[in-house]
Amino acid sequence: MSDMSVGHPRVDRSKRTWLIASGCAGAVGGVAVAVPFVSTFQPSEKAKAAGAPVEVDIGSLQPGEKMTVEWRGKPVWILRRSAEQVAQLPKLDAQLADPQSKRNPDEFTPEYARNENRSIKPEVLVVVGICTHLGCSPIDRLQAGPQPSLPDDWGGGFLCPCHGSTFDLAGRVYKNKPAPDNLPVPPHKYLSATRLLIGEDDTKAA
């Protein structure tokens, strides 16, 4: 909801970030992504307005596939990494600005995700798909290897086309990039082996 302040509507911060992200993504519309992608914007309007947790079935998500759900007006990415992708993560530490997620951990990385994978289960990454620089939405560059705007030794991850920030497959930002922090890990927990609850966890802060 919004109200009026000095004659101008005040926009909720999460909605503003999503608007910025949408606008930025629109600026690079038409970019082809040659990876499997599943989009699942399922919560009801009432649930989204209340910021309620979102339950997601990830049982059909295959290695290398990513799905997107909406929580509190934000895109949340769920990526099932392959065993090879998980094994690659520790090898990138020297190239990353905050490989151990020690920078602003309470804001960006809950305690249960403060590990090399930034996840509860090594193969499943859950992050908010909004760049920590100016709120743009990064695009998938999940495949390893040389690609436009990326180094020849690219190991797979995400590229923010607005200002060039790059993130690995754990959402960790590379060194010397505009983004000051890793992609945020939202509160979440497993209800079963294949069902996730986004927006709630078992910590006292949940």
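The figures here come from the full heavy-atom set of this structure, side chains too, leaving out hydrogens, waters and symmetry mates. Numbers here are sequence positions counted from 1. Fair warning: this is a prediction, and the values are worked out from it, not measured in the lab.
- With hydrogens and angles ignored, the 3.5 Å screen pairs no side-chain donor or acceptor of Asp106 with any backbone N or O of Pro110.
- No donor-acceptor pair closer than 3.5 Å links the side chain of Arg114 to the backbone N or O of Gln100.
- A donor-acceptor pair under 3.5 Å links the side-chain atoms of Arg103 to the main chain of Pro180, judged by distance alone.
- The same ILVMFWY cluster, assembled from side-chain heavy atoms under 4.5 Å apart, contains both Val124 and Val76.
- Leu125 is not listed as a side-chain neighbour of Trp77, based on a closest heavy-atom distance of 4.5 Å or more.
- Screening Cys131, Pro178, Ser137 against Cys160 for a side chain to side chain contact (heavy atoms under 4.5 Å, CB included) leaves a single residue, Cys131.
- In this structure the side chain of Lys189 never reaches within 4.5 angstrom of the side chain of Ile198, judged on heavy atoms.
- Side-chain atoms of Phe158 and Leu142, non-hydrogen and from C-beta on, do get closer than 4.5 Å to each other.
- Checking side-chain atoms of Glu65 against main-chain N and O of Gln62 turns up a donor-acceptor pair under 3.5 Å.
- Counting heavy atoms from C-beta outward, Leu191 and Leu196 have side chains that stay 4.5 Å or more apart.
- When atom types are taken as modelled, the side chain of Asp168 and the backbone of Ala170 share a donor-acceptor pair closer than 3.5 angstrom.
- Here the side chains of Trp154 and Gln143 are not in contact, with every heavy-atom distance at 4.5 Å or above.
- Residue Tyr112 holds its OH atom at 3.5 Å from CG of Asp201, rounded to the nearest 0.5 Å.
- When atom types are taken as modelled, the side chain of Arg141 and the backbone of Thr166 share no donor-acceptor pair closer than 3.5 angstrom.
- Side-chain contact check for Arg81 versus Ser119: some heavy-atom pair is nearer than 4.5 Å.
- The shortest side-chain heavy-atom distance between Tyr190 and Ile120 falls under the 4.5 Å cut-off.
- A donor-acceptor pair under 3.5 Å is formed between the side chain of Gln85 and the backbone N or O of Ser82.
- For the side chain to side chain contact (heavy atoms under 4.5 Å, CB included) with Arg172, the qualifying choice from Thr109, Asp93, Leu183, Asp98 is Asp93, the only one to do so.
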